[in-house]
Amino acid sequence: MTDLAQLSTEELKKHLALAERDVLLKRHRKTAFDARSDLMKFIRYTMPDPEDVGDPERSLYEPTPVARLLVDTLQKVERGELLRVAVSIGPQFGKSEPISRRFPAWFMGRNPWKHLMLGTYNQDFAMEFGAEVRSVMESPAFNRVFPTFQLRKGSQAKDLMITTRGGKMAFIGVGGSGSGKPADVFLIDDPIKNDEDVQSEKFREGLWNWFNRVAYARAKTTTAIVIVHTRWHEDDLIGRLCDPDHPERNRKYAGVADDWTYINIPAVVKEGALAKALDLAPQKQTDPLIVSQFGHEPIVSLWEARKSLKHLASARRLDPRGFDSLYMGKPAPEDGDYFKKDWLVEHTDPSEYPSAREMRQYAASDHALGEKQTNDENVLGCFGVDRKNEIWIMPDLVWKQMPTDALVDEMIAQMQRHEPQIWFAEDEHINKSIGPFRRQRMREEQVFKTAVQGLTSTRALKARAR
């Protein structure tokens with residue numbers, strides 16, 4: 001044993017430095033060991049504080065409430081406890097760091113013989129994720145956590161990496177092929193680039209087909225699929241798979257949501273189970289701007305330091321419908337946009353309707369005649385406008401699939417019952433597709449009091465609503 005009292009000042013400094021290094025190495029070994037089984041510790045350990053890289057407990061990464069929830073979900077995925085998970089979350093709340101940059105590296109470090117795929121909105125962005133994951137795997141911190149892990153030489157491209165144990169990581173864009181790339185875990189992060197894309201029915205159908213024919217086709221019974229994206233549209237990918245408010249939930253997609261765990265993480269959190277899970281404490285607000293947008297009930301920002309309640313209130317004031325979709329995960333606002341719930345009054349007694357003399361009668365129809373509408377319903381019916389300019393929908397409104405002859409016969413029957421002044425419908429349908437047959441049937445039934453007005457179609461839903 002060295003007698004420290006006999007050492008010079010310089011020798012004491014050397015001994016002290018060696019002792020400090022030994023302590024630091026032990027701390028690194030313990031932290032690295034813990035990071036093998038704890039994703040949050042792995043993220044923090046592989047993102048050291050640049051001001052003190054040597055301290056394993058200091059990190060750039062902030063374990064926010066949403067980060068803890070995402071990490072807990074991903075660890076359940078890795079353990080096989082969750083197989084189908086969809087998470088909707090607003091922009092810039094830190095979802096991609098744990099999901100697409102750190103989890104793939106951690107998962108493959110723990111399971112170097114397994115296969116992981118990651119999909120995002122295009123191939124360029126997918127390769128960016130691939131490059132970032134590769135960078136994590138090449139870091140000294142990763143090497144300390146998983147010292148035996150290696151990528152096969154010559155198999156370290158940004159879009160495809162192969163481990164020495166035979167595991168693969170593939171990074172693909174929406175529309176890209178996954179042929180020959182099996183998956184034990186398939187991550188889909190932001191498959192939608194922007195609002196312009198998702199407003200296109202063609203894009204939404206393309207995304208749906210890609211999910212089913214590429215992503216889901218790579219899956220087997222035990223494959224975990226994790227989808228995370230900002231909600232852009234009620235008919236986006238999460239909408240079709242999980243959203244209980246999707247307009248076709250009980251028909252086209254009945255039963256689909258039963259297979260999925262759906263987690264919606266709104267930017268403004270109210271009192272309840274989610275606030276408890278995130279360890280957030282909603283408070284009553286007094287700021288006039290916040291109250292004007294969110295009311296008086298207790299609320300809290302999902303990440304106050306990044307997006308304060310006042311900032312979120314300003315965002316909602318500028319674009320209420322966009323805010324409810326992007327930040328709250330509610331693409332179809334509960335109180336509507338052009339049509340409000342409180343505008344609609346239900347009547348069960350026919351005697352409450354004004355008489356025909358007290359109303360101007362009109363009719364309208366929306367025909368599912370296009371090639372892409374074979375599973376859609378036809379909607380047709382009459383409505384009256386009374387002297388107060390209130391609209392009364394006639395109770396014999398029809399909303400169902402029907403062949404063309406039955407459709408025209410129903411139109412004729414309603415013309416005879418209600419004698420509407422004008423019947424409005426899309427010109428391509430009412431005057432061209434079924435026009436000859438309609439005119440023939442109107443002559444046969446001698447229905448001449450109703451003028452048929454064809455309207456030019458527009459894909460702008462807001463314009464059509466007006």
Side-chain angles (χ1 to χ4, degrees), residues 39 42-43 46-47 70 74 77-78 85-87 94-143 145-146 148-194 197-198 203 206-220 222-230 236-237:
L39 177 57
F42 174 82
I43 296 172
T46 55
M47 296 181 66
L70 292 174
L74 290 167
V77 168
E78 194 270 342
V85 187
V87 181
K95 63 178 173 55
S96 290
E97 192 65 59
I99 292 169
S100 298
R101 297 187 178 97
R102 305 289 157 172
F103 177 74
W106 181 76
F107 177 86
M108 294 304 296
R110 286 173 57 81
N111 309 277
W113 58 88
K114 289 190 176 182
H115 307 297
L116 180 144
M117 294 185 72
L118 186 147
T120 187
Y121 63 81
N122 66 25
Q123 188 60 44
D124 288 343
F125 196 42
M127 291 176 72
E128 285 185 27
F129 278 139
E132 290 166 342
V133 171
R134 186 178 63 187
S135 178
V136 172
M137 290 179 160
E138 291 174 345
S139 69
F142 180 88
N143 184 254
V145 177
F146 301 109
T148 62
F149 179 91
Q150 285 184 315
L151 291 173
R152 188 181 298 173
K153 291 183 179 180
S155 301
Q156 302 176 27
K158 289 184 286 187
D159 61 341
L160 179 64
M161 298 170 222
I162 304 175
T163 74
T164 54
R165 298 284 299 277
K168 294 180 181 179
M169 283 182 294
F171 299 82
I172 63 174
V174 170
S177 171
S179 299
K181 302 180 182 73
D184 294 294
V185 172
F186 203 121
L187 306 173
I188 300 177
D189 183 359
D190 273 342
I192 301 163
K193 182 179 181 180
N194 54 37
D197 282 349
V198 79
F203 172 85
L207 175 58
W208 182 246
N209 289 336
W210 175 83
F211 170 75
N212 284 288
R213 299 173 188 179
V214 176
Y216 207 83
R218 305 276 72 76
K220 52 188 185 236
T222 57
T223 296
I225 302 177
V226 181
I227 300 173
V228 185
H229 70 71
T230 297
D236 56 25
L237 187 55

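Heavy atoms only: backbone and side chains are in, while hydrogens, waters and symmetry mates are out.
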Side chains of residues 113-121: which donor-acceptor pairs under 3.5 Å do they make with residues two or more places apart or in other chains?
| from | atom 1 | to | atom 2 | distance (Å) |
| --- | --- | --- | --- | --- |
| His115 | ND1 | Lys168 | N | 3.2 |
| Thr120 | OG1 | Asp189 | O | 2.7 |
| Thr120 | OG1 | Asp190 | O | 3.2 |

Quiz item: Can you tell me how far OG1 of Thr223 sits from CZ of Phe186, rounded to the nearest 0.5 angstrom?
Solution: 10.0 Å
Exercise. Under the ring-ring contact (aromatic ring centres under 6.0 Å, His included) rule, collect the residues that match up with Trp208, sequence neighbours excluded.
Key: Tyr253
Quiz item: Taking only residues two or more places apart in sequence or in another chain, which ones pass side chain to side chain donor-acceptor pair (under 3.5 Å) with Lys220?
Solution: Asp184
Quiz prompt | Reported CZ-to-CD1 distance for the pair Phe129 and Ile172, which is rounded to 0.5 angstrom | solution = 13.5 Å
Quiz item: How many angstroms lie between atom CG of Leu151 and atom CE of Met137, to the nearest 0.5 angstrom?
Solution: 6.0 Å
Quiz item: For the side chain of Trp210 and the backbone of Ala215, is there at least one donor-acceptor N/O pair under 3.5 Å apart?
Solution: no
Quiz item: Parallel under 30°, tilted from 30 to 60°, perpendicular over 60°: which one fits the rings of Phe146 and Phe42?
Solution: tilted
Please table the atom pairs, donor to acceptor, closer than 3.5 Å between any side-chain atom in residues 102-112 and protein atoms at least two apart or in another chain.
| from | atom 1 | to | atom 2 | distance (Å) |
| --- | --- | --- | --- | --- |
| Arg102 | NE | Glu97 | OE2 | 2.9 |
| Arg102 | NH1 | Thr46 | O | 3.2 |
| Arg102 | NH1 | Thr46 | OG1 | 3.1 |
| Arg102 | NH2 | Glu97 | OE2 | 3.4 |
| Trp106 | NE1 | Ala35 | O | 3.0 |
| Trp106 | NE1 | Arg36 | O | 3.3 |
| Arg110 | NE | Glu78 | OE2 | 3.1 |
| Arg110 | NH1 | Arg36 | O | 2.7 |
| Asn111 | ND2 | Glu78 | OE2 | 3.1 |
| Asn111 | ND2 | Phe107 | O | 2.9 |

Exercise. Quick one: closest heavy-atom pair of Gly173 and Ala126, and the distance?
Key: N-CB, 4.0 Å
Quiz prompt | Value rounded to 0.5 Å, distance of CG in Leu70 from CD1 in Ile43 | solution = 9.0 Å
Self-check item: Approximate separation, where rounding is to 0.5 Å, of Leu160 CG and Met127 CE
Solution: 10.5 Å
Self-check item: Pairs satisfying salt bridge (Lys or Arg N to Asp or Glu O under 4.0 Å), at least one member in residues 119-132, at least two apart
Solution: Arg101-Glu132
Quiz prompt | Heavy-atom side-chain proximity of Val133 to Met169 below 4.5 angstrom | solution = yes
Self-check item: Any residue meeting side chain to side chain contact (heavy atoms under 4.5 Å, CB included) with Ala224, in chain and number order, not counting sequence neighbours
Solution: Val77, Leu83, Val185
Quiz item: At what distance, to the nearest 0.5 angstrom, does CG of Leu207 lie from CD1 of Ile188?
Solution: 8.0 Å
Exercise. Keeping to residues at least two apart or across chains, list the side chain to side chain donor-acceptor pair (under 3.5 Å) pairs with something in residues 133-143.
Key: none
Self-check item: Worked check of side-chain contact (heavy atoms from CB on, under 4.5 Å) between Leu74 and Ile99
Solution: CA-CA 8 Å; Leu74 290 167; Ile99 292 169; 3.9 Å; yes
Quiz item: In terms of heavy-atom contacts, does CZ of Arg152 have more than 12 from other residues, nucleotides or ligands at under 6.0 Å?
Solution: yes
Quiz item: Is there a donor-acceptor pair closer than 3.5 Å between any side-chain N or O of Gln123 and the backbone N or O of Phe171?
Solution: yes
